[in-house]
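Numbered from 1 within each chain, the chains take letters A, B, ... in sequence-line order. Just so it is clear, the model here is predicted, and its values are computed rather than measured.
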Amino acid sequence: MNHWLVKSEPEAYSWADFVREAGTDWTGVRNYQARNNLQAMQPGDLVLFYHSVSEKAVVGVAIVHAHHAPDATAEPGSPWVAVHLRPHAPLARPVPLAALKAEPRLARLGLIRQSRLSVTPVQPDEFDVVLALSEG
DNA sequence: GCCAACGTTGGC
DNA sequence: GCCAACGTTGGC
């Protein structure tokens with residue numbers, strides 16, 4: 001199983017919206033590197049859900065429910081894809097970006113190294129560290 | 001509000 | 001194919 005992190009501005013689409021809808025097609029990604037990451041997602045993969053801009057914290061864990069399909073919000077024939085995500089569990093407490101940056105074991109986290117990339121892989125040990133921070 | 005990072009576009 | 005200009009994202 002692989003692990004990932006997706007970003008969303010909570011003003012545009014929040015964890016609360018996601019829970020209310022009990023899942024969503026993760027559409028709107030228009031960057032090839034991020035798209036490649038969407039294409040690599042498999043059902044059952046766990047995905048950290050990060051609120052960017054106003055909150056800057058990891059707030060929950062989603063699970064990949066269906067692997068990639070053409071993004072219905074993109075032009076037909078375009079290369080963009082979406083996966084279907086469902087809520088898995090909220091974090092016990094949100095983990096702020098500052099806490100991620102302060103943790104040496106997360107120094108190589110994609111979110112930190114490439115802050116603009118909206119879909120990034122997460123190593124299993126990094127995933128565990130984030131969960132531990134939310135419980136600590 | 002500013003600015004760094006970075007992707008895209010288009011002229012040459 | 002190079003690179004300057006420009007737009008967007010997102011942290012500070």
Review item, side-chain donor-acceptor pairs of residues 90-106 of chain A, under 3.5 Å, at least two apart:
{"unit_1": "R93(A)", "atom_1": "NH2", "unit_2": "G136(A)", "atom_2": "O", "d": "2.9"}
{"unit_1": "E103(A)", "atom_1": "OE1", "unit_2": "R105(A)", "atom_2": "NH2", "d": "3.4"}
{"unit_1": "E103(A)", "atom_1": "OE2", "unit_2": "R105(A)", "atom_2": "N", "d": "2.9"}
{"unit_1": "E103(A)", "atom_1": "OE2", "unit_2": "R105(A)", "atom_2": "NE", "d": "2.9"}

Please check if any side-chain donor atom of S52(A) sits under 3.5 Å from a side-chain acceptor atom of R116(A), or the reverse.
no
Which residues pass the side-chain hydrogen bond (donor to acceptor under 3.5 Å, both in side chains) test with H68(A), not counting sequence neighbours?
none
Going by side-chain heavy atoms closer than 4.5 Å, which hydrophobic residues are tied to V53(A), directly or by a chain of links?
none
If you restrict it to nitrogen or oxygen atoms, what contacts under 3.5 Å exist between nucleotides 9-12 of chain C and the protein, and what is each distance?
{"unit_1": "dG10(C)", "atom_1": "OP1", "unit_2": "K7(A)", "atom_2": "NZ", "d": "2.7"}
{"unit_1": "dG11(C)", "atom_1": "OP1", "unit_2": "Y50(A)", "atom_2": "OH", "d": "3.0"}
{"unit_1": "dG11(C)", "atom_1": "OP2", "unit_2": "V53(A)", "atom_2": "N", "d": "2.9"}
{"unit_1": "dC12(C)", "atom_1": "OP1", "unit_2": "K101(A)", "atom_2": "NZ", "d": "2.7"}

With sequence neighbours left out, the residues meeting side chain to side chain contact (heavy atoms under 4.5 Å, CB included) with S115(A) are none
Show which residues join W4(A) in its hydrophobic cluster (side-chain heavy-atom contacts under 4.5 Å, direct or indirect), or state none.
V6(A), Y13(A), W15(A), F18(A), V19(A), W26(A), V29(A), L38(A), M41(A), V47(A), F49(A), V59(A), V64(A), V81(A), V83(A), L85(A), V119(A)
Pairs under 3.5 angstrom, nitrogen or oxygen only, protein versus nucleotides 1-5 of chain C, please.
none

Contacts of S14(A) that satisfy side-chain hydrogen bond (donor to acceptor under 3.5 Å, both in side chains) - sequence neighbours left out:
D17(A)
In whole angstrom, give the distance that lies between atom OH of Y32(A) and atom P of dG7(B).
13 Å
Sorted by chain and number, sequence neighbours left out, ring pair (Phe, Tyr, Trp, His ring centres under 6.0 Å) with Y50(A) holds for none
